[in-house]
Amino acid sequence: MDAKQVVELLYWRDVKNSGIVFGASLLLLLSLSVCSIISVLSYVALALLSVTISFRIYKGVLQAIQKSDEGHPFKLYLEKDVSLPEEVVRKYSDIALGRINTAINELRHLFLVEDLVDSLKFAVLMWILTYVGALFNGLTLLILGLVALFTCPIVYEKHQAQIDHYVALVRNQVKDIVGKIQAKIPGAKKKAE
């Protein structure tokens, strides 16, 4: 799936496909909030097996009654190659490795206090996240993120002018506050310039 397809999915260009992806993803996350991942995967596999076995038996009975020789109902899918090409695996492994190394270097930079201001910002972020963690668990945040992912783009598209106006106001306020704070902290102004 390329970026264009993802954008079309999130902007609900094809309501049927977007609804299926959103509904299935939300159902999976809500199921995970009630049951363990092993139970959810087992139930999904059992449901899929029930459908495919029932369809196979139905087609077999139908072929016996009509005395036809259509063959296996999933023959088209059984003949398809589903293995991952090595070059694709290498490409994404290299991308993942690069991002992991960047993250490790950034964490080293933050935790070993290479730059005091960056480490303090990170400390404030972690402190704020302790409060977020006390209010929500990770799965709840994933559910909220999924709902936001499928609703925010379409809301922004419909109300772009008003949203941009208020974002600009907030950005200016934050810029003023950060400027005042940097003026009071020695050494912070040099880094900002």
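Values reported hereafter were calculated over all heavy atoms of this structure, with side chains retained and with hydrogens, waters and symmetry mates removed.
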Which side-chain N or O atoms in residues 85-94 pair as donor and acceptor under 3.5 Å with protein atoms at least two apart or in another chain?
| unit_1 | atom_1 | unit_2 | atom_2 | d |
| --- | --- | --- | --- | --- |
| Glu86 | OE1 | Arg90 | NH2 | 3.0 |
| Ser93 | OG | Val89 | O | 2.7 |

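- Within the 3.5 Å criterion, the main-chain N or O of Val15 finds no donor-acceptor partner in the side chain of Ser18.
- Leu27 forms part of no hydrophobic cluster, judged by ILVMFWY side-chain heavy-atom separations under 4.5 Å.
- Note: Leu149 CG to Leu9 CG = 9.0 Å, rounded to the nearest 0.5 Å.
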Show which side-chain atoms of residues 174-181 pair as donor or acceptor with protein atoms under 3.5 Å away, not counting sequence neighbours.
none

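- Contacts of Ile37 classified as side-chain contact (heavy atoms from CB on, under 4.5 Å), with partners at least two apart in sequence or in another chain: Leu32, Leu41.
- For the pair Val6/Leu10, a side-chain contact is recorded, criterion being any heavy-atom separation below 4.5 Å from C-beta on.
- For Val124, the side-chain contact (heavy atoms from CB on, under 4.5 Å) test picks out Ile128, with sequence neighbours left out.
- Rounding to the nearest 0.5 Å places CD1 of Ile95 at 12.0 Å from CD1 of Ile100.
- By the rule that hydrophobic residues join a cluster once side-chain heavy atoms approach within less than 4.5 Å of another member, Leu125 and Leu107 end up as members of one cluster.
- Counted within 6.0 Å of CG on Asp69, heavy atoms from surrounding residues, nucleotides or ligands total 12 or fewer; the atom is thus considered open.
- Using a 4.5 Å cut-off between side-chain heavy atoms of Ile, Leu, Val, Met, Phe, Trp and Tyr, with links allowed through other members, Leu30 and Leu28 fall into the same hydrophobic cluster.
- In this structure the side chain of Asn105 never reaches within 4.5 angstrom of the side chain of Thr102, judged on heavy atoms.
- For the salt bridge (charged side-chain N to carboxylate O under 4.0 Å, His left out) condition, the pairs that include at least one residue of residues 143-164, sequence neighbours left out, are Arg13-Glu157.
- Side-chain contact between Arg56 and His72 is present, with heavy atoms from C-beta onward closer than 4.5 Å.
- The closest donor-acceptor contact from the side chain of Glu114 to the backbone of Arg108 lies at 3.5 Å or more, if one exists at all.
- Between the CG atom of Leu116 and the NZ atom of Lys121 there is a distance of 11.0 Å, given to the nearest 0.5 Å.
- A distance of 9.5 Å separates CG in Asn17 from CD in Gln5, rounded to the nearest 0.5 Å.
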Apply the test side-chain contact (heavy atoms from CB on, under 4.5 Å) to residues Ile65 and Leu62: give CA-CA distance (whole Å), side-chain angles for both, the deciding distance (0.1 Å), then the verdict.
-> CA-CA 5 Å; Ile65 291 173; Leu62 200 62; 5.5 Å; no
Decide yes or no on side-chain contact (heavy atoms from CB on, under 4.5 Å) for His109 and Asp115, but give the supporting numbers first.
-> CA-CA 7 Å; His109 167 78; Asp115 182 9; 3.8 Å; yes
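- Hydrophobic clustering places Leu26 together with Val21 (ILVMFWY residues linked when any side-chain heavy atoms are closer than 4.5 Å, directly or through intermediates).
- Heavy atoms only, all atoms of each residue included: Ser119 and Leu110 are closest at OG-O, 2.7 Å.
- The side-chain contact (heavy atoms from CB on, under 4.5 Å) search around Ile53 returns Leu49, Ile57, not counting sequence neighbours.
- Contacts of Phe55 classified as ring pair (Phe, Tyr, Trp, His ring centres under 6.0 Å), with partners at least two apart in sequence or in another chain: Phe74.
- Remark: Tyr77 pairs with no residue by the ring pair (Phe, Tyr, Trp, His ring centres under 6.0 Å) rule, at least two apart or across chains.
- Nearest heavy atom pair, residue Ala148 against residue Pro153, reads O-CD, 3.7 Å.
- Listed by chain and residue number, His165, Tyr166 satisfy the side-chain contact (heavy atoms from CB on, under 4.5 Å) test with Leu169 (two or more places apart in sequence, or in another chain).
- Pairs engaging residues 20-40 under the ring pair (Phe, Tyr, Trp, His ring centres under 6.0 Å) rule: Phe22-Phe150 [sequence neighbours left out].
- Residues passing the ring pair (Phe, Tyr, Trp, His ring centres under 6.0 Å) test with Phe111 are Phe122, sequence neighbours excluded.
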